[in-house]
Amino acid sequence: MAEETIIGIDLGTTNSEVAVIRDGRPVVLPGEDGDPILPSVVGLDPQGNLLVGKAARNQYVLAPERTIRSIKRKMGEETTVALGDQKYTPQEISAIILRTLKRRAELALGHPVSKAVITVPAFFNDGQRQATRQAGELAGLEVVRIINEPTAAVLTYDPHPTEMEQLLVYDLGGGTFDVSLAQVENGVVEIRASHGDTQLGGDDFDQLLMDYICDEFREENGVDLRAAPASKARVLRAAEDAKKRLSSEPVTWVEEEFIAEKDGRPLNLKMELHRHDFEELIRPLLLKTLTCLDQALSDGKVQAQQISKVVLVGGATRTPLIHKLLEERLGRPVHSEIEPDLAVAMGASVQGGLIAGIDLGPILVDITPHTLGIEALGELYGFMSEHHFSPIIERNTPLPASRTEIYSTVHDNQDGADIRIFQGENPDTRYNTLVGEFKVEGLAEVPAGNQILVRFDLDLSGILKVTATERATGLAKHVVIDSATERFRKRQRSDAVDRLDAVMSTAAEAGSLALPAPGSGGAEEAGAESVDPELRTALEAAEAMRTKAERVLPSANDEDAEELRAMLEDLSTAVNAGSAERIRATLRELEDLVFYLEDA
Ligand code: AMP
């Protein structure tokens, strides 16, 4: 039987794409207009019909109030955006984009698809990842894995069969920036370090250029084009077009007729732009990216001269100044053999193919880009403080990762403990991000020093489960850090699916959007609720461990190999029994042996 199709989706701030594996190679699927790039823009036309993609982007100039762009920047926030007379969560808007891509894949493949790998910036925190997963579910997709964008890009790269290589992935899209170090050896890709900025991208270049144009125009005409939404949107669009032209030409013009009025007289915009001036505008932002690069090199303990290849990802990397600065910093030429806009979707489909069991070559070892830990009483700035950040999983730890730390109560007869979970690198929790909190209550009435075990399980999608257990009694409480999911219980979800069905029934995107057949929503939702999150985490950990174990098996001596095989068999029994607890117990034993064999 043919393998199940798992589509790969790059859900970008500016553009999105969908790819599948065809004849063993990743292929990005075009829409009906032949373009594989779907602008991540959703809007309503004057009649209230839904527009997705280019049609929505094109009307942004005329109707910014009826058009939503860059929704990815709001993912994970507890907010809504207005579209017509309705309000939507960022997940719902993203779901409209995802449904459009799902439909595109279904039309190209000629059969329904229900599973996807979706990429996110390496720097997305847990809430942002959860929101992405929910968007997938609302779109009728089971999100089998969320992977980091730079990681996906590496998966499209054909590594040297035997030599170890250090790759640098420099990913600058419309809204986010990531730089990652990947080590590739014997077909195994290991992301050694990642750094980035979730609020930096090519859109910022557009803003800077728009401000430059508007300032010059105001100087000359005494009118600020940013004052009216429609003229502002026109200049922004013209700025983006000019920016792209400046990637291949040293000089360009922006021309917009009747852009404003003064004393009843129409004003035209006509301005010459030089690449050199544009480069000076964006240079400070690019220098910020180089600081991130230095940080990633230092985290990954890699020297610039050890990098054997620079993989450029994201449309904004077509900017010549980026090539120049990177070449100066790394002392080697940079080039992108794969279209920088398409690499991430292609890599996501490679990951989907690997999960579906297609033999495609590289295996992936991903890392966590943040340190995760809890707030505890401890030393801070030389004093005892309740804001001490106690790391449990350190930044750049390979996923999946499970770690436990022991903490103690500070008061006699303390019957509860607040577990406040943070991510970040600062020893003071007030400078890190609170990602979740819960309380363990009903602790034994004993003197101070009652031990609480805090366990962090971070799965392959970067989703965290935290369990706190009172050591003496086994009293346990856990939380899955999905603050967004908490807000979004099942009923709300099915309401949201209904709302999306309704709004999408007016879909009028020129090209790629069509409604799922009536009734197909049921099957899609069933897919979305299948495995409970605890079991899913355990199954993913089991899959990763099996891969690791099989890798060390050939080099183990007979006795160790036999023990390893027996344990793998136990693991397979536990997986078949569908018991998260048994899987974890077997994994703990396996972990020790594999660790020992890896070191041997
Ligand atoms: P992505 O998120 O990868 O689709 O990248 C989108 C960003 O790349 C947007 O800010 C685009 O304006 C920018 N971009 C696309 N083509 C070019 C180009 N030729 N030169 C500079 N920036 C570009």
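Read the numbers this way: they start at 1 and go in the same order the structure lists the ligands and their atoms.
The backbone N or O of Val223 lies less than 3.5 Å from no partner atom in the side chain of Asn221, so there is not a single donor-acceptor pair.
Heavy-atom neighbours of Glu328 CD from other residues, nucleotides or ligands within 6.0 Å: above the threshold of 12.
Arg103 and Glu32 are not joined by a salt bridge, as no carboxylate oxygen comes within less than 4.0 angstrom of a charged side-chain nitrogen.
Remark: Ser94 engages Leu11, Ile71, Met75, Ala135 in a side-chain contact (heavy atoms from CB on, under 4.5 Å) (not counting sequence neighbours). Shown here are the side-chain contact (heavy atoms from CB on, under 4.5 Å) partners of Ala182, two or more places apart in sequence or in another chain: Val154, Leu167, Val189, Ile191. Partners of Ala228 under the side-chain contact (heavy atoms from CB on, under 4.5 Å) rule, at least two apart in sequence or in another chain, are Ser231.
Protein residues are said to neighbour a ligand when one of their heavy atoms lies under 4.0 Å from it; for ligand 1 these are Thr14, Asn15, Gly173, Gly174, Gly202, Asp203, Glu240, Lys243, Lys244, Ser247, Gly314, Gly315, Ala316, Arg318, Thr319.
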